[in-house]
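What follows is a short report on a single structure.
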Amino acid sequence: MISSSRFLKACRREPVDVTPVWFMRQAGRYMSEYRALRERYSLLDICRSPELALEVTLQPVRRIEVDAAILFSDLLLPLEPMGLPFDFIKGEGPQLERPISSPADIDNLKTFEPREALSHVLDAIRLIQTELAGRIPLIGFAGAPFTLASYAIEGGHSSNFAKTKALMYGHPDAWHRLCERLSTLVGDYMLAQIEAGVDVVQIFDSWVGALNTADYREFALPHTRRIFETIGARVPTIHFGTGTGAILEDLRDAGGDVIGVDWRTPMDVAWDRIGSDRAVQGNLDPTLLLGPTDRMFTQTDDILARVGRRPGHIFNLGHGILPSTPVEHVQMLAQYVHSASRRTNRT
Ligand code: CP3
């Protein structure tokens, strides 16, 4: 039964034989088989084809001892059916054709039915679950309102989120209307992914660390909370962000059975703040996977020691695997987490 997998047990804070591990961006450019596929297909081609998304989802599962698969898709896919088309530009990342620049643009956004507009994602989920056949759980995902709104407004990646914050501070009513739209759509999209068969969902608020505590509570938390309320207790939920040292308790209050922790806060300090009624995920610095591996292992030992015997830890990186990471290091790390935690978890 998939519900007795060590990954889902850890989400529920039940004891496990060894610490479950998966990696954000476990599918991607650091793998030669992914790069080979990308020579023939664009990222959007892969996201829009259930067969290609299936193949890329399984690439890391075949090579690395991971305890969960993550649907291969992208956070930005819901933007297009809202009327915000975009493309991925080589070396630069995502680029929107016409980013939101005024309150009027927000009122002109479209709503959509994810079971129609994003049916290819749901088809991919069904294919992946047939292929995984209950061996490991499948994680579905979407973006949180702040992070999605930042792409919709900046038009791509930003280092200071100046346009996003200018709209947020200058037109708070319009900001809240935008985030209400996003939380309704994302909540419904998550329900559609759950109906299609994902076992867990992760909400990515990757850039929310750009907000101070008071602004997080005013401009982001209520909208993210609505998504978690919509999902309810259907499947375990993971709430992830980076640079969240000032808002860990608030991130927890917004929701999530598992709270993601980046590498900036030691795991025991973070978990004490989050509280023992939640599981945690993290928190190795992805840069340590570039080598030398002895430092990667030492830091992994440190994380496992800080967790100790508390049930409810999912090992992951503080953010995604970097494209220049040697695949062997990822393989070694997953094995290491399993073998090192077997010693600590033995009672
Ligand atoms: O293995 C997995 O983790 C699943 C696949 C996945 C992708 N995007 C595929 C992808 C996931 C979970 C995402 C989520 C995503 N997308 C996030 C949140 C996660 C995070 O890292 O914080 C964000 C912010 C995006 C938006 C996005 N997509 C950006 C900013 C970029 C360009 C940055 C880059 O690395 O080039 C992408 C492109 C993207 N999405 C890639 C992958 C594997 C890059 C690979 C490629 O171009 O082929």
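Here the structure is a predicted model, which is why all the values come from computation and not from measurement. Counting convention: from 1, in listed order, for ligands and their atoms alike.
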**Study point:** Protein contact of atom 47 (O) of ligand 1 - nearest heavy atom, named by residue and atom, plus distance
**Key:** Arg38 NH2, 3.2 Å
Check your understanding: Which heavy atom of the protein is the closest neighbour of atom 28 (N) of ligand 1, given with residue, atom name and distance?
Key -> Asp74 OD1, 2.8 Å
Atoms in ligand 1 flagged as close to [X], the criterion being non-hydrogen separation under 4.0 Å:
X      : result
Ile70  : 1 (O), 2 (C), 3 (O), 4 (C), 12 (C)
Leu43  : 38 (C), 39 (C), 40 (N), 41 (C)
Phe204 : 12 (C), 18 (C), 19 (C)
Phe72  : 5 (C), 9 (C), 43 (C)
Pro94  : 29 (C), 30 (C), 31 (C), 32 (C)
Ser206 : 18 (C), 19 (C), 20 (C), 22 (O)
Ala27  : 1 (O), 43 (C)

Exercise for review: Report yes if Gly320 has an N/O atom closer than 3.5 Å to an N/O atom of ligand 1; otherwise report no.
Suggested key: no
How long is the span from the [atom1] atom in [X] to the [atom2] atom in [Y], to the nearest 0.5 Å?
X      : Y      : atom1 : atom2 : value
Leu43  : Arg38  : CG    : CZ    : 5.5 Å
Met168 : Ser150 : CE    : OG    : 11.0 Å
Ile247 : Arg252 : CD1   : CZ    : 12.0 Å
Leu178 : Leu148 : CG    : CG    : 9.0 Å

Exercise for review: Please work out which of the three classes, parallel, tilted or perpendicular, describes the rings of Phe141 and Phe204, given edges at 30° and 60°.
Suggested key: perpendicular
Could you check whether atom [atom1] of [X] has more than 12 heavy atoms from other residues, nucleotides or ligands sitting under 6.0 Å from it?
X      : atom1 : result
Arg40  : CZ    : no
Arg295 : CZ    : no
Lys163 : NZ    : no

Where on [X] is there a heavy atom closer than 4.0 Å to ligand 1, on the side chain, on the backbone, on both, or on neither?
X      : value
Leu75  : both
Tyr151 : side chain
Ser73  : backbone
Arg29  : side chain
Thr147 : neither

Revision key, fill the gap. The residue among Val261, Asn316, Leu317 that forms side chain to side chain contact (heavy atoms under 4.5 Å, CB included) with Asn283 is Val261
So is [X] close enough to ligand 1, meaning a heavy atom under 4.0 angstrom away?
X     : answer
Gln26 : yes
Tyr34 : yes
Leu71 : yes

Check your understanding: Do Ile194 and Leu77 sit in the same hydrophobic cluster, where Ile, Leu, Val, Met, Phe, Trp and Tyr count as joined when their side-chain heavy atoms come under 4.5 Å apart?
Key -> yes
Point to revise | Close side-chain approach of Pro99 and Ile153, heavy atoms under 4.5 Å | key: no
Heavy-atom distance to [atom]: which of [options] wins?
atom                    : options                     : value
atom 11 (C) of ligand 1 : Phe141, Phe86, Phe88        : Phe141
atom 20 (C) of ligand 1 : His319, Glu92, Arg35        : His319
atom 25 (C) of ligand 1 : Gln59, Met24, Arg25, His157 : Arg25

Point to revise | Polar side-chain atom of Arg306 near backbone of Ile303 as donor-acceptor pair, under 3.5 Å | key: no
Review point. So, are Glu195 and Arg126 salt-bridged, with charged N and O less than 4.0 Å apart?
Key: no
